[in-house]
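Read through the structure below, which is laid out as structure tokens, and then see the notes.
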Amino acid sequence: MIFYFQRRKRKNKKHNLNSINFLLKIIISAIAVFIAAHLLPHVRVDDYLSALMVAIVLAFLNTIVKPILTILTIPITVFTLGFFLLAINAFIIIFAGKLVSGFHVDGFWWALLFSLILSLFTGILNALLGVNDKTKRQD
């Protein structure tokens with residue numbers, strides 16, 4: 001009986017760590033959105049709350065829409081040696097700009113550049129803060 005409760009306690013702890021890790025990733029993405037938007041002249045974020053909404057919308061779109069688009073565009077992705085995935089990222093950024101009222105992108109090329117800078121900043125911030133470090137999460 002004691003073993004059951006100890007095992008259950010470990011699962012709840014792991015669930016809490018996953019939730020905190022997810023929230024930390026969203027906050028890091030929001031910071032990266034805010035920084036990248038201020039670096040590019042044709043990408044605007046009105047305030048930090050809008051950057052947070054962009055991070056949440058991008059997380060949703062990358063989870064739901066991007067896999068569908070990737071599967072539907074396999075032939076052109078293979079033909080372009082994977083470079084069409086960058087175009088999919090740009091289209092997702094443009095779509096996020098349509099969904100979030102405080103976020104504006106002035107065109108496809110700016111969305112493409114924004115997605116590249118966003119990926120770079122998010123990767124750097126995640127590495128600095130150790131968000132994706134699997135050695136910290138082992139029991």
Side-chain angles (χ1 to χ4, degrees):
M1 188 73 147
I2 292 173
F3 180 70
Y4 172 76
F5 287 116
Q6 287 175 343
R7 208 166 94 194
R8 179 123 173 118
K9 189 175 180 181
R10 277 192 218 148
K11 285 184 181 180
N12 287 340
K13 184 177 178 182
K14 192 172 187 177
H15 176 69
N16 289 340
L17 287 176
N18 287 339
S19 298
I20 291 171
N21 196 26
F22 175 73
L23 290 175
L24 188 59
K25 284 182 180 183
I26 293 292
I27 291 169
I28 287 172
S29 294
I31 293 169
V33 164
F34 198 74
I35 293 170
H38 279 54
L39 287 177
L40 297 173
H42 294 278
V43 178
R44 292 177 305 282
V45 174
D46 292 343
D47 54 1
Y48 188 72
L49 184 61
S50 296
L52 187 63
M53 288 302 299
V54 170
I56 292 169
V57 167
L58 285 177
F60 175 76
L61 292 175
N62 283 331
T63 303
I64 304 298
V65 177
K66 187 176 180 178
I68 295 169
L69 288 176
T70 303
I71 289 171
L72 291 176
T73 59
I74 285 175
I76 193 166
T77 302
V78 170
F79 182 71
T80 61
L81 302 175
F83 284 108
F84 192 72
L85 293 174
L86 296 173
I88 291 174
N89 285 341
F91 289 128
I92 287 176
I93 296 291
I94 291 170
F95 190 45
K98 303 289 184 194
L99 294 176
V100 179
S101 62
F103 178 61
H104 309 282
V105 181
D106 286 342
F108 174 81
W109 295 109
W110 290 108
L112 181 66
L113 186 59
F114 178 79
S115 71
L116 292 172
I117 292 174
L118 182 65
S119 297
L120 179 71
F121 284 160
T122 304
I124 290 171
L125 289 172
N126 283 337
L128 287 175
L129 297 175
V131 174
N132 293 329
D133 193 6
K134 297 194 185 329
T135 59
K136 289 182 181 179
R137 286 188 257 146
Q138 291 177 350
D139 288 343

Heavy-atom closest pair (Tyr48 atom, Ile27 atom, distance to 0.1 Å) is OH-O, 3.6 Å
| task | Could you state whether Leu112 and Leu58 fall into the same hydrophobic cluster, counting links through intermediate Ile, Leu, Val, Met, Phe, Trp or Tyr residues with side-chain heavy atoms under 4.5 angstrom apart? | result | no
Is Leu72 reachable from Ile74 through a run of I, L, V, M, F, W or Y residues, each pair having side-chain heavy atoms under 4.5 Å apart?
no
Shared ILVMFWY cluster between Val33 and Ile94, side chains joined below 4.5 angstrom? no
Exercise. For the residue pair Phe114 and Phe103, does the interplanar ring angle fall in the parallel (under 30°), tilted (30 to 60°) or perpendicular (over 60°) class?
Worked result: tilted
Flag the pair Leu99 / Phe60 as yes when at least one side-chain heavy-atom distance between them is below 4.5 Å, and no otherwise.
no
query: Between Leu113 and Phe91, is there a shared hydrophobic cluster once you connect ILVMFWY residues whose side-chain heavy atoms come closer than 4.5 Å?
result: no
Candidate pair Leu86 and Leu116, rule side chain to side chain contact (heavy atoms under 4.5 Å, CB included), full reasoning: CA-CA 8 Å; Leu86 296 173; Leu116 292 172; 3.8 Å; yes
Exercise. Would you kindly confirm whether Leu128 and Ile35 end up in one hydrophobic cluster when ILVMFWY residues are joined by side chain heavy atoms under 4.5 Å apart?
Key: no
Residues pairing under salt bridge (Lys or Arg N to Asp or Glu O under 4.0 Å) where one sits in residues 66-88, two or more places apart or in two chains, turn out to be none
Exercise for the section: Please examine the side chains of Pro75 and Val78, heavy atoms only from C-beta on, and report whether any two atoms are closer than 4.5 Å. Expected result: no
Take Thr70 and Thr77 through the side chain to side chain contact (heavy atoms under 4.5 Å, CB included) test and state the conclusion after the steps. CA-CA 8 Å; Thr70 303; Thr77 302; 5.7 Å; no
Test item: Ile88 and Leu85 side chains (from C-beta on) under 4.5 Å apart, heavy atoms
yes
Here the pair of heavy atoms bringing Ala59 nearest to Thr63 is O-OG1, 2.7 Å
Scanning both residues in full, the closest heavy-atom pair of Ala30 with Leu52 reads CB-CA, 3.7 Å
Here the pair of heavy atoms bringing Val45 nearest to Ala51 is CG1-N, 3.6 Å
Distance col, row Asn126:CG vs Asn21:CG, nearest 0.5 angstrom, shows 8.5 Å
Closest non-hydrogen atoms of Ile28 and Thr122, given as atom of the first, atom of the second and distance, are CG2-O, 4.3 Å
Output for pair (Leu125 CG, Ser29 OG), nearest 0.5 Å, gives 9.0 Å
- So with a 6.0 Å cut-off around CZ of Phe108, is the heavy-atom count from everything else above 12? yes
- Quick check: are there more than 12 heavy atoms from other residues, nucleotides or ligands sitting under 6.0 Å from CZ of Phe84? yes
dist Asn18:CG -> Leu23:CG (nearest 0.5 Å) comes out at 11.0 Å
One should read off an interatomic distance between Ser119 OG and Ile124 CD1, to the nearest 0.5 angstrom, of 11.0 Å
Residue set satisfying salt bridge (Lys or Arg N to Asp or Glu O under 4.0 Å) with Asp106, at least two apart, ordered chain then number -> Arg44
In terms of heavy-atom contacts, Thr73 and Leu69 come closest through OG1-O, 2.7 Å
